[in-house]
Amino acid sequence: MQPDDFVYHHCRTRCLDGLPIVIEYTYMPLDLVPGLKKSQLYQSVYAYLRDVLGYKISSFHRIIRAVAATEEEAERLEVAAGSPLLELEQVGFLDDGTPFEYSVSRNVGDRSELRDISVV
């Protein structure tokens with residue numbers, strides 16, 4: 001994505017059993033994801049890409065780091081400002097190598113866990 005590209009930008013807080021566990025900030029190029037509607041954000045955006053647009057998602061490249069909750073994030077996640085969060089910054093790629101998503105998620109560490117399987 002270039003600085004002057006038009007993008008979808010959505011920010012959502014995900015909850016588990018009524019308790020907020022993560023805030024996600026996502027950017028997707030408008031020209032690559034035509035017809036995306038707000039209602040899709042309550043379902044799976046990846047299913048929309050796959051099933052409606054016919055894309056094949058191939059990989060996600062991630063950077064993981066610890067960060068402090070901003071005041072707004074603390075309020076939305078129901079934690080104290082400055083509380084530690086686990087941040088995942090990622091770029092998603094289609095099978096032709098096209099990046100289709102840039103996102104940052106900030107997770108409350110004691111309410112969730114991240115699991116990974118690496119195949120060599």
Side-chain angles (χ1 to χ4, degrees):
M1 287 183 268
Q2 300 301 316
D4 60 344
D5 287 349
F6 287 99
V7 297
Y8 288 102
H9 171 236
H10 59 272
C11 174
R12 60 184 170 179
T13 303
R14 292 183 178 258
C15 297
L16 180 63
D17 297 328
L19 196 60
I21 59 171
V22 62
I23 291 180
E24 298 174 341
Y25 307 94
T26 304
Y27 302 84
M28 293 180 164
L30 276 173
D31 59 345
L32 196 62
V33 189
L36 184 65
K37 303 292 183 203
K38 186 177 180 179
S39 61
Q40 287 303 133
L41 302 180
Y42 296 101
Q43 301 171 30
S44 171
V45 174
Y46 298 152
Y48 176 79
L49 294 171
R50 218 178 28 250
D51 302 340
V52 176
L53 298 180
Y55 291 141
K56 292 184 176 124
I57 298 170
S58 69
S59 65
F60 292 93
H61 297 218
R62 294 185 178 108
I63 299 170
I64 302 170
R65 64 177 69 88
V67 297
T70 66
E71 295 216 9
E72 180 182 344
E73 291 168 339
E75 183 176 329
R76 292 179 70 175
L77 292 170
E78 300 175 10
V79 298
S83 292
L85 302 175
L86 187 60
E87 179 182 88
L88 277 76
E89 178 181 13
Q90 78 177 17
V91 177
F93 292 89
L94 301 176
D95 64 342
D96 68 357
T98 303
F100 72 91
E101 173 191 70
Y102 170 76
S103 69
V104 174
S105 65
R106 292 186 161 197
N107 302 263
V108 179
D110 63 351
R111 295 184 194 157
S112 60
E113 61 185 24
L114 303 172
R115 296 176 185 237
D116 182 44
I117 298 174
S118 297
V119 179
V120 180

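Note that the structure is a prediction, hence the values are computed from the model and not measured.
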- Message: Strictly distance-based, threshold 3.5 Å: is any side-chain N or O of Thr26 a donor or acceptor partner for the main-chain N or O of Ser103?
- Response: no
- Query: Hey, is the main chain of Pro20 close enough, under 3.5 Å, to the side chain of Arg111 for a donor-acceptor pair?
  - Reply: yes
- Under 3.5 Å, side chain of Ser105 to main-chain N/O of Ile23, donor-acceptor pair present? no
- Item | Single-linkage hydrophobic cluster Leu86~Leu19, side-chain heavy atoms < 4.5 angstrom | no
- Do the non-hydrogen side-chain atoms of Leu30 and Tyr8 ever get within less than 4.5 Å of each other? yes
- Query: What orientation do Tyr102 and Tyr27 show, parallel under 30°, tilted 30 to 60°, or perpendicular over 60°?
  - Reply: tilted
- Message: Is it true that, when you exclude Asp4 itself, more than 12 heavy atoms of the residues, nucleotides or ligands shown sit nearer than 6.0 Å to its CG?
- Response: yes
- Task: Kindly say whether Thr70 contributes a backbone atom to a donor-acceptor pair with the side chain of Arg106 at under 3.5 angstrom?
- Result: no
- Quick one: are Val108 and Leu85 in side-chain contact, heavy atoms under 4.5 Å? yes
- Query: Is Tyr48 reaching over with its side chain to a backbone N or O of Val33, donor-acceptor style, under 3.5 angstrom?
  - Reply: no
- Task: Group every Ile, Leu, Val, Met, Phe, Trp and Tyr by side-chain heavy-atom contacts under 4.5 Å, then state whether Val45 and Phe6 land in the same group.
- Result: yes
- Query: Got Arg76 and Cys11 here, is their nearest side-chain heavy-atom distance under 4.5 Å?
  - Reply: yes
- Message: Once salt bridge (charged side-chain N to carboxylate O under 4.0 Å, His left out) is applied, what residue pairs with a partner in residues 92-101 remain, sequence neighbours excluded?
- Response: none
